[in-house]
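The structure appears right after this line, and notes come after that.
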Protein chains: 2
Amino acid sequence: MAKKKKREGKTTSKIFDDHDHGICFDDAIDQIENYFLKKNLQFTPLRRKVFEILIRDHKPLGAYEILEALGRDGFSSSPPIAYRVLDFLMEHGFVHKIQGLNAFIACSHPNHSHSPAFVICRKCEKVAEVDEKKSGISFASPNIDNFEVEKTTVEMTGVCTTCSRAATI
Amino acid sequence: MAKKKKREGKTTSKIFDDHDHGICFDDAIDQIENYFLKKNLQFTPLRRKVFEILIRDHKPLGAYEILEALGRDGFSSSPPIAYRVLDFLMEHGFVHKIQGLNAFIACSHPNHSHSPAFVICRKCEKVAEVDEKKSGISFASPNIDNFEVEKTTVEMTGVCTTCSRAATI
DNA sequence: CATAACATGTTATAACATAACACTATCAGT
DNA sequence: ACTGATAGTGTTATGTTATAACATGTTATG
């Protein structure tokens with residue numbers, strides 16, 4: 001259980017909290033409601049709950065952590081429940097999977113379609129979704145020898161300022 | 001078992017075979033031998049075998065596929081065997097993990113230290129390791145607001161030319 | 001109000017990964 | 001050679017993540 005035991009982390013590093021999460025939360029709920037309304041998709045209590053669980057702390061959660069939270073809130077907590085809803089939310093861009101953590105996180109920029117990139121602190125496991133342009137990252141051409149890229153995964157792992165200040169590695 | 005059942009795939013698309021694998025194989029064995037010699041690290045029969053298994057077909061293999069192959073060749077095939085050797089080979093840059101497939105692949109460019117990027121066909125699951133520059137991808141600055149990036153994961157999923165020619169999605 | 005499509009619930013199991021400890025081999029210093 | 005440290009491998013058990021398969025309920029529409 002070396003790298004997967006805890007996901008608490010309470011670090012602050014500029015990139016990790018450059019937003020007012022109260023606003024972020026309300027905005028996000030608004031946006032997802034509008035999106036589903038517009039698309040004639042059901043924003044069911046279960047889907048809403050899963051999204052709320054993810055957005056309320058705005059940190060990556062494992063599927064089984066989400067299931068626990070669902071259970072606490074009176075929903076079913078068998079694995080397929082979480083995975084199905086997560087798949088659905090991911091399809092529509094409101095949730096992303098952090099491959100390096102086997103965890104899921106609410107999208108920080110659901111309004112504009114994007115290829116997300118994530119910065120992950122390996123000590124506190126805090127994750128920031130960064131804008132391609134702001135971060136200096138760029139996938140210039142998503143077309144490589146006629147290979148049509150449908151989806152990109154970009155994750156940068158390291159140690160955030162707070163964690164590196166706090167300890168000598 | 002939707003996305004994880006088979007890993008055979010026999011597609012050819014320019015990006016996927018722009019090298020002579022006979023040479024590639026020999027080179028790779030050479031390079032890894034020299035590297036370990038120079039670093040005074042043991043290139044044991046087990047480590048050699050795991051690397052050979054990975055390099056011989058040069059496609060991503062799951063840990064349990066590697067274990068089966070090890071078993072066939074008379075080695076122990078309990079999970080920690082594979083994971084330990086894979087970790088070791090990854091530490092030294094001779095193997096990469098493809099997060100999107102939970103699979104491992106021999107490095108195509110072990111000689112120069114690099115941040116690998118992978119192109120993955122979601123139909124045949126063939127994988128190509130691409131050069132950052134050639135592919136038009138670039139992580140310009142690995143430093144984002146003082147966050148020091150130690151490791152990057154870049155994977156591009158789509159459909160390769162051969163697969164897209166072969167079917168109508 | 002039937003029915004097709006969608007959504008959720010449940011059980012079981014598959015697939016991926018690590019902990020903990022035992023044993024063996026290698027090598028440096030005496 | 002002996003001794004102890006280090007590294008490598010073996011084994012059992014278990015933890016963690018994810019899906020298959022099928023049952024039931026719910027919703028939108030004709």
Side-chain angles (χ1 to χ4, degrees), chain A residues 1-7 32 36-51 53-54 60-71 73-92 95-105 125, chain B residues 1-7 32 36-37 39-51 53-54 60-71 73-92 95-105 122 125:
Chain A
M1 238 214 191
K3 78 186 185 199
K4 50 183 37 168
K5 48 175 171 299
K6 37 73 182 129
R7 276 194 238 275
I32 195 170
F36 285 138
L37 205 64
K38 192 151 49 189
K39 291 253 185 178
N40 266 300
L41 296 166
Q42 301 180 53
F43 194 42
T44 63
L46 177 62
R47 286 169 181 173
R48 173 186 289 269
K49 177 56 73 181
V50 170
F51 186 70
I53 288 165
L54 283 169
L61 296 175
Y64 283 72
E65 290 178 294
I66 293 166
L67 284 167
E68 277 173 37
L70 285 174
D73 287 358
F75 289 84
S76 164
S77 60
S78 53
I81 295 293
Y83 286 104
R84 277 193 297 231
V85 173
L86 289 167
D87 283 348
F88 176 84
L89 294 172
M90 283 192 290
E91 258 170 42
H92 295 282
V95 167
H96 300 298
K97 180 169 187 180
I98 308 296
Q99 296 281 5
L101 300 173
N102 291 321
F104 302 86
I105 192 166
E125 289 194 349
Chain B
M1 238 216 192
K3 79 184 185 199
K4 51 182 39 167
K5 49 175 169 300
K6 37 69 185 143
R7 275 195 238 275
I32 195 169
F36 285 138
L37 205 64
K39 292 254 184 177
N40 265 302
L41 296 167
Q42 300 180 54
F43 193 41
T44 63
L46 176 61
R47 286 169 179 173
R48 173 185 289 269
K49 178 56 74 178
V50 170
F51 186 71
I53 290 165
L54 282 169
L61 296 175
Y64 282 70
E65 291 178 294
I66 293 166
L67 284 167
E68 277 173 38
L70 285 174
D73 287 359
F75 289 85
S76 165
S77 60
S78 52
I81 294 293
Y83 286 105
R84 277 191 298 230
V85 174
L86 289 168
D87 282 349
F88 176 84
L89 294 172
M90 283 192 291
E91 257 171 42
H92 295 281
V95 167
H96 300 298
K97 180 169 188 180
I98 307 296
Q99 297 281 3
L101 300 173
N102 291 321
F104 302 86
I105 192 166
R122 66 168 164 75
E125 290 193 349

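Note on naming: letters A, B, ... go to the chains in the order of the sequence lines (proteins, then strands), and numbering restarts at 1 for each one.
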What is the distance, to the nearest angstrom, from the CG atom on B/Asp87 to the P atom on C/dT18?
7 Å
Going by the rule side-chain contact (heavy atoms from CB on, under 4.5 Å), which residues pair with B/Lys39 if we only count those two or more places apart in sequence or in a different chain?
B/Tyr35, B/Leu41
Please report the interatomic distance CG(B/Asn102) to NZ(B/Lys97), rounded to the nearest 0.5 Å.
5.5 Å
To the nearest Å, how far apart are B/Leu67 CG and C/dT18 C1'?
13 Å
Once you round it to whole Å, what is the distance between C1' of D/dT11 and CG of B/Leu70?
15 Å
Near-parallel close stack of B/Tyr83 and C/dT18 base (under 5.5 Å, under 30°)
no
I want to check one thing: is the phosphate of C/dC16, taken as OP1 and OP2, less than 4.0 Å away from some side-chain N or O of A/Asn102?
no
Rounded off to whole Å, could you give me the CG-to-P distance for the B/Asp73 and D/dG10 pair?
13 Å
Could you list the residues that satisfy side-chain contact (heavy atoms from CB on, under 4.5 Å) with A/Pro45, not counting sequence neighbours?
A/Phe75
Pair up each side-chain donor or acceptor in residues 81-90 of chain A with any protein partner under 3.5 Å, not counting sequence neighbours, and list the distances.
none

Contact state string [nucleotides 3-12 of chain C, B base, S sugar-phosphate only, - no protein heavy atom under 4.0 Å]:
---SSBBBB-
Can you tell me whether the side chain of B/Tyr64 and the base of C/dA14 have a donor-acceptor pair closer than 3.5 Å?
no
Rounded to the nearest 0.5 Å, the OG atom of A/Ser78 sits from the CG atom of A/Leu67 at a distance of 7.5 Å
side-chain contact (heavy atoms from CB on, under 4.5 Å) with A/Phe43: which residues, sequence neighbours excluded?
A/Ile32, A/Glu33, A/Phe36, A/Arg47, A/Arg48
So, OP1 or OP2 of D/dT9: does either fall under 4.0 Å of a side-chain N or O from B/Lys49?
no
Partner nucleotide of C/dA19 by Watson-Crick or wobble geometry (both distances under 3.5 Å)
D/dT12
Check the distance between D/dT27's P and A/Asn40's CG and give it to me in whole angstrom.
15 Å
